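Below is one structure, written out as C-alpha cells; comments come after it.
None of the values given here were measured: they were computed from a predicted structure. So that the names make sense, note that chain A is the first sequence line, chain B the second, and so on, each numbered from 1.
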2 protein chains.
Amino acid sequence: MKRPTIADVARRAGVSKGAVSYALNGLPGVSEATRQRILAIAAEIGFNPSSAARALSGASAEAVGLALCRPARTLGIEPFFMELISGVEAELAARSYALTLQMVADQEAEIAVYRRWWGERRVDGVLVCDLRTGDRRVPVLEELGLPAVVIGGPGGTGRLASVWSDDAAALMEAVEYLVALGHQRIARVGGLPDLRHTEIRTEAFTRVCRRLGLADAVTVPSDYTGEEGARATRRLLSSPARPSAVIYDNDVMAIAGLSVAQEMGLIVPADLSIVAWDDSPLCRLVHPPLTALGRDIPAYGAHAARRLLAVIGGAAAGAVQDEPAHLTPRGSTAPPRGR
Amino acid sequence: MKRPTIADVARRAGVSKGAVSYALNGLPGVSEATRQRILAIAAEIGFNPSSAARALSGASAEAVGLALCRPARTLGIEPFFMELISGVEAELAARSYALTLQMVADQEAEIAVYRRWWGERRVDGVLVCDLRTGDRRVPVLEELGLPAVVIGGPGGTGRLASVWSDDAAALMEAVEYLVALGHQRIARVGGLPDLRHTEIRTEAFTRVCRRLGLADAVTVPSDYTGEEGARATRRLLSSPARPSAVIYDNDVMAIAGLSVAQEMGLIVPADLSIVAWDDSPLCRLVHPPLTALGRDIPAYGAHAARRLLAVIGGAAAGAVQDEPAHLTPRGSTAPPRGR
DNA sequence: CTGAAAGCGCTTACAG
DNA sequence: CTGAAAGCGCTTACAG
C-alpha cells in the first residue's frame with residue numbers, strides 16, 4: 001500500500017514535480033487548465049503532500065503545541081481545558097494546522113518540552129496556559145524566539161503576545177451584585193495562589209470590598225479540587241463570623257461548597273449564596289443551579305489560536321483583550337435570610 | 001537565532017554527520033569515547049534532531065493521532081476524554097511520541113482526517129474512540145493500512161487491534177447489587193444508542209433483568225448531556241410504575257438525575273437509588289455522593305497507547321481486555337423505602 | 001571504527 | 001508558462 005508522492009502525480013499528469021507543487025499550492029506558474037488537471041489527478045489517487053517533506057523544505061511544521069501542566073486526574077474534571085482545546089482546535093483545523101498536545105509535570109519539564117519542540121521544528125508556535133507570577137517560561141520563550149501566545153494576564157507576559165480577559169472587572173460585578181442583594185459578609189475561595197489570574201482576582205476582591213466597606217473580605221487559597229473546595233467551605237461556614245455569600249474560583253469547588261452547605265444543614269441560597277467562576281454545564285446540573293461568572297471558553301481558545309497563527313505569520317506581539325466574564329444569576333444567590 | 005543542525009555538531013566534534021547520527025541513536029559504528037564527546041557537544045549547543053528530517057528519511061513520524069467526534073461544549077463536561085487523553089499522553093511522552101489531536105464533526109470528517117494524516121505521514125498510527133455498530137471507520141482504516149487501536153468492543157473491530165473493558169459484567173454487578181438491596185423496579189438511562197458499548201450495556205441489562213425476574217426493566221436512550229439525562233429522569237419518575245433505582249450511562253446524566261429527583265421532592269436514596277457509570281471526582285462532589293461504576297481511565301488510555309505503539313512496531317492485532325469497571329457504593333443507593 | 005554519498009519528498013529560485 | 005536542479009536535515013547502506 002504505497003502512498004502516492006508528488007512524483008506519481010507529476011508522472012500521471014505528464015508535468016514536472018515543480019509544476020505539481022505550484023498547482024497544489026495555488027501559486028502562479030501553471031496555466032489554469034494544467035492546474036485543474038493536476039488537482040483532479042491528485043484527488044483521484046488520494047495524494048496528500050508529506051508534512052515532513054514540506055516542513056523540511058523550509059515550509060513550516062503546520063503544527064502548534066500546547067503543554068498542560070496539571071495532574072492527569074485533576075485535568076479531567078475541570079471543563080475549562082477541554083473547552084479551551086476545542087476552541088483552539090476548531091480554529092487550527094480550519095487552517096489545516098495540527099495541535100500537538102503534551103502533559104508535563106512542572107514548569108521545568110514544560111520548558112524542556114518547548115526547547116525540544118523548537119529544536120525538532122515540530123511546532124511553529126505554542127500556546128501558554130496558567131501564567132504564574134514571575135513565570136520562568138516567559139524569558140525562555142523569548143530567548144528561543146519560539147512564537148508564543150500567553151493565555152492570561154494582563155502583565156507578566158514580557159515581550160510575548162497574549163490574550164487576556166478582565167477578571168478584575170468580572171469579580172467586581174459579582175461582588176457588587178451580592179452587595180446589592182444585601183450581603184455584607186462575602187468570602188472567596190481562590191485558586192492556586194501563584195497563578196497570575198488568582199493574584200489579579202485576589203487583589204480586585206480586596207479592593208472592591210474595601211471600596212464598598214465590607215469587613216472580613218477573606219480569601220481562602222485553594223487548588224481548584226473539590227476536596228480543597230469542600231475543606232475551605234467547611235472552615236468558612238464554621239467560623240463565628242460566617243459569610244452569607246461565597247465566591248469560588250472555579251465551578252468544581254463551587255459545587256463541592258454547595259454540597260458542604262447542604263451537609264451542614266444550610267439552605268442555599270437562603271442561608272448561603274454561592275457564585276462560581278467558569279460557568280459550565282456543571283453549574284446547571286446541580287440543585288439549585290449556580291449563579292456563575294462565565295464566558296465563551298471555546299471562543300477564547302479560538303481567539304488565542306488566531307493570535308498565535310498571526311504571530312507565526314509575523315504579526316507584532318502585544319496583549320489583546322478578550323471579552324470579560326459576565327454574571328448569570330441563577331438559584332444559588334438571593335438576599336441573605338433575615339434581611 | 002539559528003537552530004543547530006547535525007552538521008553543526010559534526011563540525012564541532014570533528015566527525016562526519018553520519019557519526020553524529022550513530023552516536024545520537026545509540027547505534028554501533030562509533031567508539032564509546034567519540035559517542036560521549038558527541039553527546040556532550042549536542043547537549044551543550046542544545047541540538048535536537050529535526051523531526052521532519054527524521055520522518056523524511058524513512059524513520060517514523062513519532063506521532064500518534066486522536067480524532068474526537070463530539071461537539072465542543074459537550075466534550076468539556078465529561079471527564080472521561082480528558083482522563084483518557086492524560087493516560088495516552090503519559091505513555092507517549094515516555095517514548096517521546098507526540099499526540100496530535102483533532103476535533104471532527106462526524107464520521108465522514110474523521111475518515112477524511114485519517115486519509116490526510118496517513119497521506120501526509122503526519123502520524124504513525126491512530127487511536128479510535130466511540131466505536132459504533134457497523135462503524136464505517138473500521139474498513140477504511142483496514143484498507144489504508146494505518147496502524148490503529150480501537151478503544152472499545154468487543155466485536156465490530158474487524159481486523160484492527162482493540163482494547164476493551166467488560167461493560168456487560170460491570171452492569172450485571174450493579175443490577176445484582178440493587179436487587180440485593182431489595183429493588184425490583186430498576187430503570188436505565190442509556191448513552192447514545194448507536195455506540196457499540198451502549199448496545200452491549202443495553203443487551204446485558206435486558207438479559208440480567210430477565211434472569212433476575214425483574215419487570216419493567218426499561219432503558220431510556222439519551223445522549224450523555226445533562227439536559228437529556230434530566231428529561232429522561234423526569235419521564236421515568238412521572239410514570240405510574242416509578243422505578244426505585246436508576247442506572248445512568250455517565251456521571252453527568254446521573255448528577256442531572258439527582259437534581260431532578262430533589263426538585264421533585266424525592267429523597268435520594270430513600271425514594272430513589274442512583275448508580276452512575278464513569279466514576280469521576282464529580283460523583284463525590286454532590287450530595288449524597290453517587291454510587292458509581294468506575295475504573296482507572298488514565299490507565300485505560302495508557303494501555304491503549306501501549307498497544308498502539310506495539311502495533312506500529314509490527315505486533316499482531318487482536319483484542320486485549322482491560323480491567324472491568326467495579327462498583328463503589330456511596331450514599332446514593334440504599335434499600336427502597338417501605339421495605 | 002569512520003567517512004562520503006545517496007536518498008527521503010517536497011519547495012523554490014533559476015533558466016529557458 | 002514550464003522544466004531541471006539544488007537544497008532542507010536527517011538516516012543508512014556502502015566503501016575504506
Side-chain angles (χ1 to χ4, degrees), chain A residues 1-39 41-42 45-63 96 116-124, chain B residues 1-39 41-42 45-63 96 116-124:
Chain A
M1 197 140 330
K2 198 78 186 60
R3 284 169 283 187
T5 69
I6 198 171
D8 298 319
V9 179
R11 196 175 326 109
R12 287 232 195 187
V15 298
S16 71
K17 294 191 299 173
V20 175
S21 178
Y22 290 136
L24 257 38
N25 293 310
L27 262 31
V30 286
S31 67
E32 195 47 36
T34 309
R35 183 190 308 278
Q36 290 307 332
R37 192 157 48 85
I38 291 173
L39 289 178
I41 290 173
I45 66 175
F47 168 73
N48 284 294
S50 154
S51 59
R54 299 191 65 181
L56 191 53
S57 46
S60 61
E62 304 278 292
S96 298
R116 184 166 55 78
W117 275 349
W118 189 231
E120 292 180 345
R121 294 142 176 81
R122 209 183 251 285
V123 301
D124 299 321
Chain B
M1 199 142 326
K2 198 79 187 59
R3 284 169 284 188
T5 70
I6 199 171
D8 298 318
V9 179
R11 195 174 327 111
R12 287 232 197 186
V15 298
S16 71
K17 293 191 299 173
V20 175
S21 178
Y22 290 135
L24 257 38
N25 293 311
L27 262 32
V30 286
S31 66
E32 194 48 35
T34 309
R35 185 190 307 278
Q36 290 308 332
R37 193 157 47 85
I38 290 173
L39 289 178
I41 290 171
I45 67 175
F47 169 72
N48 284 292
S50 153
S51 59
R54 299 191 65 181
L56 191 53
S57 48
S60 61
E62 305 278 292
S96 298
R116 184 164 56 78
W117 274 350
W118 188 232
E120 292 181 344
R121 293 142 176 84
R122 209 184 252 284
V123 300
D124 298 322

Legend entry - Between D/dC8 (P) and A/Arg121 (CZ): distance, integer Å: 11 Å

Legend entry - Considering all heavy atoms, the nearest A/Pro4-A/Ile45 contact: CG-O, 3.4 Å

Legend entry - Dot-bracket encoding of pairs in DNA chain D, which uses [ ] for pseudoknotted crossings and | for another strand, Watson-Crick or G-U under 3.5 angstrom: |||.||||||||.|||

Legend entry - Close residues, residues 23-39 of chain A, relative to DNA chain C [heavy-atom separation under 4.0 Å]: A/Asn25

Inset, instruction - Working to the nearest 0.5 Å, report the span between CG of A/Asp124 and CH2 of A/Trp117. - result: 12.0 Å

Legend entry - Spacing between A/Glu62 atom CD and C/dG9 atom C1', to the nearest angstrom: 15 Å

Inset, instruction - Mind checking the CZ-CD1 spacing from B/Arg11 to B/Ile6? Nearest 0.5 Å is all I need. - result: 12.0 Å

Legend entry - Rounded distance [0.5 Å steps], CD in A/Glu120 versus CZ in B/Arg3: 11.0 Å

Legend entry - Nearest non-hydrogen partners of B/Val30 and B/Tyr22, listed with the distance: CG1-CB, 4.3 Å

Legend entry - Atom-pair distance (CG on B/Leu56; C1' on D/dC8), nearest Å: 9 Å

Inset, instruction - List the atom of A/Leu24, the atom of A/Ala42, and the distance in Å for their closest heavy-atom pair. - result: CD1-CB, 4.3 Å

Inset, instruction - To the nearest 0.5 Å, tell me how far A/Ser51 OG sits from B/Leu56 CG. - result: 9.5 Å

Inset, instruction - Look only at the side chain of B/Arg35 and the backbone of B/Ala19, and say whether a donor-acceptor pair between them is shorter than 3.5 Å. - result: no

Legend entry - Check: B/Arg121 main-chain N/O paired with A/Ser50 side-chain donor or acceptor under 3.5 Å: no

Inset, instruction - Round to the nearest Å and state the distance from A/Ile6 atom CD1 to D/dA5 atom P. - result: 17 Å

Legend entry - Whether B/Arg122 side chain and B/Arg116 backbone form a donor-acceptor pair below 3.5 Å: no

Legend entry - Distance, nearest 0.5 Å, that separates CG of B/Asn25 from CZ of B/Arg54: 5.0 Å

Legend entry - Near-strand residues of residues 8-22 of chain B, defined as heavy-atom separation under 4.0 angstrom from DNA chain D: B/Lys17, B/Gly18, B/Ser21, B/Tyr22

Legend entry - Between C/dC8 (P) and A/Arg54 (CZ): distance, integer Å: 20 Å

